[in-house]
Visitor: 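Let me begin by handing over the structure; questions about it come next.
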Amino acid sequence: MFTARTVRLLVPSAAALWTYALGLWGLSRQNSVWRDEAATWQVARRSTAEIVQLLGNVDVVHGLYYLLMHGLFELFGPGTAVLRLPSVAATAVAAACVAVLGHRLAGPWAGLGGGVALGMLPAVQFYLQEGRPYALVAAGAGVSTLLLVTLLEGRGRAVHWIAYSGTVALCGLLNWLSLMILPAHLLTLLLSGRNGRSGRSGHDLGGPGEPGEPGEPGEPGEPGGRGGSGWSGGSAGLGKRWAAAAGAAVACVLPLVLFSRSQSAQVSWIPPLTWHMLIGPVVLLAVGGAGALLDRRSPYRPDGPSAAAVGLPLLVVPHLGLAGLSLIQPLFLDRYVLFSLLGLGLLIGAAIGVAVRTVSRRLPRAGWWLLPAIVAVAAVALLPQALAKRSPASRVDDVLAAADDVRRLKRPGDAVLFFPSARRDTRLVSPDAFSGLEDIALARTPERSGTLKGVEAEPARIRAAMLTHRRILLVTDTPAVSRPPATERDRMKRSVLRNHFRIVTDTQTRGRRVTLYERRV
């Protein structure tokens, strides 16, 4: 038998440890790093002053994340583990938050099921091991939602409002599209009605039955007034305080939003929104909607918000908001609203809680085994997806594989070209592989120019430099992912190589292509 206090600790701890273990599984992805992570890697290795200079020109939306990773690289050195472990830890925090929310709103089995389910979702599996800020935003979304529920339950104090506003602002500084959590929270506030709470949040797991069933012990009220007499002060007062907290968060992030608009060309590659892009989100919304319907039948009805009132807005509103923004400017990428999947996890957990209660009434002993059985079946069904997410083939390319090819093929006196110039990230991540090679197109380094890829010389100067070398290594994309040359420089590079050089060796590995050219006699 587990006491209520033990359950409160066990549920989030189990969800966090499960998710963290999933994150450690295959963390290095066979020692591969793809282009998005390469941007994090190469920027994090710059000095603080160089990062600040870069943010004035490009990637200001990721500035806080880059500075965080710079600090970690300074402490522990660059590597795939240091690059990805922050995302693993953040996703574990998000899973723990879902578990606590589910426990409070729909019982311990719902909390444990939701927290475990979050880490198994395919999209979460992808970004769980990604050296980018999206998992950190998800963790912040979990913390802010948990704070909101605490306030809705009438247990919050001034410090909770400050923490809520600060967490939302921090998420916004990591990715300002995360501010779409605010309308989701507003909808939760509206759906929750008057927000006092006299129910109980800690429960005995002496059997598979859940709170709300006869004979189950509850806990006494806590300081702060679960009956609605604490800081909340009724729904009107709560709404005003929420508006003030949300406004303060938006005010902190607004300068970043406005400044980033000057760098909007960075996302010009995102395709316009089409109906087929909505198929995946619609499926997720359907699953979440089913969980919300089951939650309505739950006998566990706390006086605070229900799991459906918290989970459904968190899942639906960010997707609808991103789709609406994408009608103005294409922005529809699932990673921008990864945090919304916390709502899906919560709703799945609520459905599992209902299933456990239903089975337990008829077969009390079977109730204990239902969640492990569901997890086992889901794990087997999702195993191909899980293996695929941990494979280098799950990403567009592999920067480190191309660097290994360069290291093997180069000779003293060789030159190197990058086509397009963004493929210079291979050199920036693995500078040792390029030692002894002359980057003949580069006029100003990325660090000095405050850019991600550096500034290249004029086409005529690059052409003259190419013709003075006998051997040139070209780092580019494989035909499957390459695009036609978009600049005069790139067209000139291709023309000179075609007319004055011949191919000696051509290697293609994980989306990157390294070709050795030799001057024709």
Side-chain angles (χ1 to χ4, degrees), residues 26-45 58-59 62 69 78-81 83-84 87 122-123 125-134 266-271 333-335 385 387-410 416-434 437 439 441-442 446 451-454 456 472-487 490 493-494 497 503 505-517:
L27 183 64
S28 72
R29 288 203 307 270
Q30 301 176 34
N31 197 38
S32 65
V33 172
W34 78 296
R35 61 182 63 175
D36 279 17
E37 292 180 308
T40 299
W41 187 309
Q42 59 116 333
V43 174
R45 295 184 67 174
V58 68
D59 259 1
H62 299 314
M69 294 307 299
T80 54
L83 181 69
R84 295 176 183 141
S87 292
Q125 291 269 308
F126 189 96
Y127 295 105
L128 173 66
Q129 297 179 334
E130 184 85 350
R132 299 298 278 172
Y134 309 110
Q266 278 188 270
V267 294
S268 61
W269 60 271
I270 301 177
L333 296 176
D334 61 350
R335 57 180 178 257
Q385 284 271 1
L387 292 173
K389 303 302 183 190
R390 289 162 175 79
S391 166
S394 64
R395 270 66 173 179
V396 173
D397 55 9
D398 181 4
V399 174
L400 298 183
D404 289 339
D405 290 335
V406 170
R407 185 181 286 109
R408 177 173 53 86
L409 295 172
K410 71 177 183 178
V416 63
L417 280 175
F418 300 93
F419 170 73
S421 59
R423 297 296 79 80
R424 189 169 280 105
D425 57 3
T426 310
R427 178 185 178 185
L428 298 171
V429 170
S430 301
D432 292 344
F434 290 80
L437 295 176
D439 188 347
L442 189 63
T451 62
L452 288 173
K453 56 189 178 182
E456 294 195 336
I472 295 177
L473 282 165
L474 176 69
V475 180
T476 185
D477 296 316
T478 59
V481 298
S482 65
R483 297 181 180 181
T487 66
D490 289 339
K493 294 174 189 176
R494 174 172 291 183
L497 289 173
I503 295 176
T505 303
D506 189 18
T507 61
Q508 300 184 32
T509 309
R510 300 174 184 171
R512 288 284 169 108
R513 182 179 186 181
V514 178
T515 307
L516 174 60
Y517 286 87

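Counting from 1, the numbers follow the sequence of the chain as shown.
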Visitor: Are any non-hydrogen side-chain atoms of R45 and W41 less than 4.5 angstrom apart?
Guide: yes
Visitor: Give, for atom CD of Q129 and atom OG of S28, the distance between the pair rounded to the nearest 0.5 Å.
Guide: 8.5 Å
Visitor: So how far is it from L400 CG to E37 CD, rounded to the nearest 0.5 Å?
Guide: 9.5 Å
Visitor: For R494, enumerate each residue passing the salt bridge (charged side-chain N to carboxylate O under 4.0 Å, His left out) test, keeping only those at least two apart in sequence or located in another chain.
Guide: none
Visitor: Excluding sequence neighbours, so at least two apart, what forms salt bridge (charged side-chain N to carboxylate O under 4.0 Å, His left out) with R35?
Guide: D397, D477
Visitor: Suppose we screen for ring pair (Phe, Tyr, Trp, His ring centres under 6.0 Å). Which residues come up paired with F434, at least two apart in sequence or across chains?
Guide: F418
Visitor: Not counting sequence neighbours, which residues clear side chain to side chain contact (heavy atoms under 4.5 Å, CB included) with A81? List them please.
Guide: L27, L85
Visitor: Under a 4.5 Å cut-off applied to non-hydrogen side-chain atoms, are F419 and L474 in contact?
Guide: yes
Visitor: Which pair of heavy atoms, one from A388 and one from S394, lies closest together, and at what distance?
Guide: O-CB, 3.0 Å
Visitor: Check whether any side-chain heavy atom of S87 lies under 4.5 Å from a side-chain heavy atom of L128, and answer yes or no.
Guide: no
Visitor: Partners of D398 by side chain to side chain donor-acceptor pair (under 3.5 Å), sequence neighbours excluded?
Guide: R510
Visitor: With R427, which residues qualify under side chain to side chain donor-acceptor pair (under 3.5 Å), at least two apart?
Guide: D439
Visitor: According to side chain to side chain contact (heavy atoms under 4.5 Å, CB included), who are the partners of L333, at least two apart in sequence or on a separate chain?
Guide: W269, I270, R335, Y336
Visitor: Shortest non-hydrogen contact from L442 to G454?
Guide: CD1-CA, 4.2 Å
Visitor: List in chain and number order the residues that pass side chain to side chain contact (heavy atoms under 4.5 Å, CB included) with D59, two or more places apart in sequence or in another chain; answer none if no residue qualifies.
Guide: H62, Y66, Q266, L452
Visitor: Which residues pass the side chain to side chain donor-acceptor pair (under 3.5 Å) test with D36, not counting sequence neighbours?
Guide: none
Visitor: Decide yes or no for V406 and V416: does some side-chain heavy atom of the first lie under 4.5 Å from some side-chain heavy atom of the second?
Guide: no
Visitor: Look up atom OH in Y517 and atom CD1 in I503, then write down how far apart they are to the nearest 0.5 Å.
Guide: 4.0 Å
Visitor: How close do K410 and A433 get, counting heavy atoms only, and between which atoms?
Guide: NZ-O, 3.2 Å
Visitor: Does any non-hydrogen side-chain atom of R424 lie less than 4.5 Å from one of E456?
Guide: yes
Visitor: Can you confirm whether T80 sits close enough to R29 that some side-chain heavy atom of one is under 4.5 Å from a side-chain heavy atom of the other?
Guide: no
Visitor: Holding to salt bridge (charged side-chain N to carboxylate O under 4.0 Å, His left out), I want the full list of residues that pass it with E130, two or more places apart in sequence or in another chain.
Guide: R395
Visitor: If you take all heavy atoms of P479 and R513, which pair is closest and at what distance?
Guide: CG-NH1, 3.9 Å
Visitor: What distance separates Q125 CD from K389 NZ, expressed to the nearest 0.5 Å?
Guide: 8.5 Å
Visitor: Taking the side chain as everything from C-beta on, heavy atoms only, tell me whether P420 gets closer than 4.5 Å to K453.
Guide: no
Visitor: Roughly how far, to the nearest 0.5 Å, is CG of D425 from OG of S430?
Guide: 9.5 Å
Visitor: Would you check if there is a donor-acceptor pair between the side chains of R512 and T426 at a distance under 3.5 Å?
Guide: yes
Visitor: I want to check something: taking the side chain as every heavy atom from C-beta on, are T40 and L83 in contact at a cut-off of under 4.5 Å?
Guide: yes
Visitor: T487: what forms a side chain to side chain donor-acceptor pair (under 3.5 Å) with it, not counting sequence neighbours?
Guide: D490
Visitor: Tell me if a side-chain donor or acceptor on Q42 pairs with a main-chain N or O of L428 at a distance below 3.5 Å.
Guide: no
Visitor: I'd like to check the side chain to side chain contact (heavy atoms under 4.5 Å, CB included) partners of T507; sequence neighbours left out, ordered by chain and number.
Guide: D405, R408, L409, T505, V514
